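Just so it is clear, the model here is predicted, and its values are computed rather than measured. Chain A is the first sequence line, chain B the second, and so forth, proteins listed ahead of strands; every chain is numbered from 1.
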There are 2 protein chains.
Amino acid sequence: MVRRTLPLARQAAQEILKGIESGKWVRANGALPSEAALSQQLAVSRATIRDALAQLEQRGVITRRHGAGTFVAPLPRLDAGLEELVSLETLARRIGLQTRMSQPHIEERVAAPIESERLRTAPQTRVLAIARVIFTGTRPIAYLVDIVPTTVLARPDLDKNFRGSVLDLFLSRRDLALSHSYTEIHIELASAPIARKLRLKRGAPLHQLVAQLFTRDGRIVDYSQSFFVPGYFSFHVIRRVGATNRAP
Amino acid sequence: MVRRTLPLARQAAQEILKGIESGKWVRANGALPSEAALSQQLAVSRATIRDALAQLEQRGVITRRHGAGTFVAPLPRLDAGLEELVSLETLARRIGLQTRMSQPHIEERVAAPIESERLRTAPQTRVLAIARVIFTGTRPIAYLVDIVPTTVLARPDLDKNFRGSVLDLFLSRRDLALSHSYTEIHIELASAPIARKLRLKRGAPLHQLVAQLFTRDGRIVDYSQSFFVPGYFSFHVIRRVGATNRAP
DNA sequence: AGACGATAGTCGTCTGACGAGTGAGATTAT
DNA sequence: ATAATCTCACTCGTCAGACGACTATCGTCT
């Protein structure tokens, strides 16, 4: 095991995940090596292994049964629904979709009232607005707008590092510890300008995702609206039985 | 601490959550008692406390900082998006919406091809189809159809215990260990019969959720389609930064 | 053949310990 | 007085070893 920089338990979780995906550690009945065995294999204590396994269990990768063992979660390869925050580019790549981005339209201006409210900043805060259309082949399939306060992302920084995804840009920065995004899912009828960009008739129904991106310390660093042409992306989400609403 | 029947760590997690929600254990700066202190308070070992805290951390309730302490996650009380599997009735109650259900239309028949495929059963399997409309006041806002194999749920069992939610019925049964549901989110244009039931024009856009309900052992016990009139429910989901796609 | 009981293996929990990182107060230098 | 530095108590991360609870399997007995 390599160590430091990242908590050991997290590293172990990644290592175990690799072992699962490569099939190296999965026995015929779906069982994983015992915690003691994994502890030896990865040269970390059993407590750390248990921590790592707990992470994988919560993500739905494995199931543990007291007295029996640890098993890879049954069939439904359920990774990567909406509940995992990844960039559209990554998402598209995973389902084998080639995407291209239009020249982005970037402007610096003061935030609109809705924007400053959603960003929880003072009114009139200066922001960068980044808009672009995503294509597969020559067909436009999504229109994305990100609003970012200039205190978080300055124009030159953007110009230098923007590769199409604001999220990926943030993830690559060490000074921002991203936590999660609160994303609303709406149906929106295409307005004239959006219909034109996506080459649809006005009033065509669109998936609209409205998201606020949170850091670990509770700041909102991005407010985004995304419009998707139905049929190209299929959204799904894994809904878990909560710990709170179990039957008595 | 009461014990047995449920893993200690899970009980501890619930106990800690209570202490957080009541504010009893939250200091001014949002800090929780140290692991050692919680260990004494709840009379369980620190290892168990750590397990419990790990669960709460993964659910986004708390944040831990090495050397500093454990803190309640900053403001956005973010629980209960789509990623938590709760019945529509529970969901509605949470947002303060009074709902009523039409007389359900229940029939026993053989599964349609799509249904047996989605249920992963043999073709021609006998199923119960349960359809009903949900109202708020006199306004219809959702149309729900559940398909359940008769091997999972028999007609008399349904008649006796159905209160409007198939999910709640399943949750109350000890012999079914529900795990999660795989839910697709689509836009659907109202067909004539659905438009009539929801009192909309044909072709009106609807949210459509298509779900497969899984047990812990990987069986599918329910295939459901739900149609929602936009504007009454707002769907949202908490999207977490995954452990897999962290920047290097 | 089926019911039963012993047994080995695995996860859940406990105890005690040490190291690493943080934050605040005390100390020192300016 | 102010600012930089150091010290130290506190907290989370990790380790080691141990025992109990639970499961699955296999041999034994009826």
I'd like a table of atom pairs between the protein and nucleotides 22-26 of chain C - only N or O on both sides, under 3.5 Å - with the distance next to each one.
{"unit_1": "dG23(C)", "atom_1": "OP1", "unit_2": "R65(B)", "atom_2": "NH2", "d": "2.6"}

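- Evaluation of the ring pair (Phe, Tyr, Trp, His ring centres under 6.0 Å) rule for F235(B) yields H207(B), F228(B) as partners, not counting sequence neighbours.
- Residue T70(A) places none of its side-chain N or O atoms closer than 4.0 Å to OP1 or OP2 of dT10(C).
- The side-chain contact (heavy atoms from CB on, under 4.5 Å) search around S179(A) returns R216(A), not counting sequence neighbours.
- By the salt bridge (charged side-chain N to carboxylate O under 4.0 Å, His left out) test, R109(A) is found to be paired with E107(A), E115(A), residues two or more places apart in sequence or in another chain being considered.
- Of all the residues in residues 46-54 of chain A, R46(A), R50(A) reach under 4.0 Å from DNA chain C with at least one non-hydrogen atom.
- Residues passing the side-chain contact (heavy atoms from CB on, under 4.5 Å) test with S165(A) are S87(A), E89(A), L167(A), D168(A), sequence neighbours excluded.
- Considering only residues two or more places apart in sequence or on other chains, R163(A) meets the salt bridge (charged side-chain N to carboxylate O under 4.0 Å, His left out) condition with none of them.
- Remark: A37(A) pairs with P33(A), S34(A) by the side-chain contact (heavy atoms from CB on, under 4.5 Å) rule, at least two apart or across chains.
- Applying the salt bridge (charged side-chain N to carboxylate O under 4.0 Å, His left out) criterion to D222(A), with sequence neighbours excluded, gives no partner residue.
- Between the side chain of Q212(B) and the backbone N or O of R118(B), at least one donor-acceptor pair lies under 3.5 Å.
- Taking E57(A) as the reference, I62(A), R64(A) meet the side-chain contact (heavy atoms from CB on, under 4.5 Å) condition, with sequence neighbours excluded.
- Proximity of residues 28-40 of chain B to DNA chain D (heavy atom under 4.0 angstrom from any strand atom) is restricted to S34(B), E35(B).
- With sequence neighbours left out, R46(B) forms a salt bridge (charged side-chain N to carboxylate O under 4.0 Å, His left out) with E35(B).
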